[in-house]
Amino acid sequence: MLWSDPPDEPSEELREAQEKLRRLGFVLATAIMVGTLVILVR
């Protein structure tokens, strides 16, 4: 890697998109768990 190469840090837009996907995955996993609990309790 040359000293003139750009840094390997992701761009701001990419970081925001990754954060949104992480949040969406957490919400989706929580919703699936709650749905499963509701179905099992019935």
Side-chain angles (χ1 to χ4, degrees):
M1 187 165 135
L2 299 173
W3 64 271
S4 59
D5 287 346
D8 287 339
E9 299 171 359
S11 66
E12 188 67 32
E13 297 88 16
L14 183 60
R15 258 184 271 141
E16 289 176 6
Q18 286 175 337
E19 189 62 34
K20 284 180 185 175
L21 280 174
R22 199 172 294 125
R23 244 181 269 137
L24 180 66
F26 177 74
V27 169
L28 195 59
T30 305
I32 290 172
M33 284 173 46
V34 169
T36 303
L37 281 174
V38 168
I39 289 171
L40 288 175
V41 167
R42 281 183 154 198

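Note: hydrogens, waters and symmetry copies are ignored here, and every other heavy atom, side chains too, is used.
- In this structure, the salt bridge (charged side-chain N to carboxylate O under 4.0 Å, His left out) partners of Arg22, at least two apart in sequence or on a different chain, are Glu19.
- Among Val34, Leu40, Ile39, the single residue meeting the side-chain contact (heavy atoms from CB on, under 4.5 Å) criterion with Thr36 is Leu40.
- By the salt bridge (charged side-chain N to carboxylate O under 4.0 Å, His left out) test, Glu12 is found to be paired with Arg15, residues two or more places apart in sequence or in another chain being considered.
- For Leu28, the side chain to side chain contact (heavy atoms under 4.5 Å, CB included) criterion is met by Ile32, not counting sequence neighbours.
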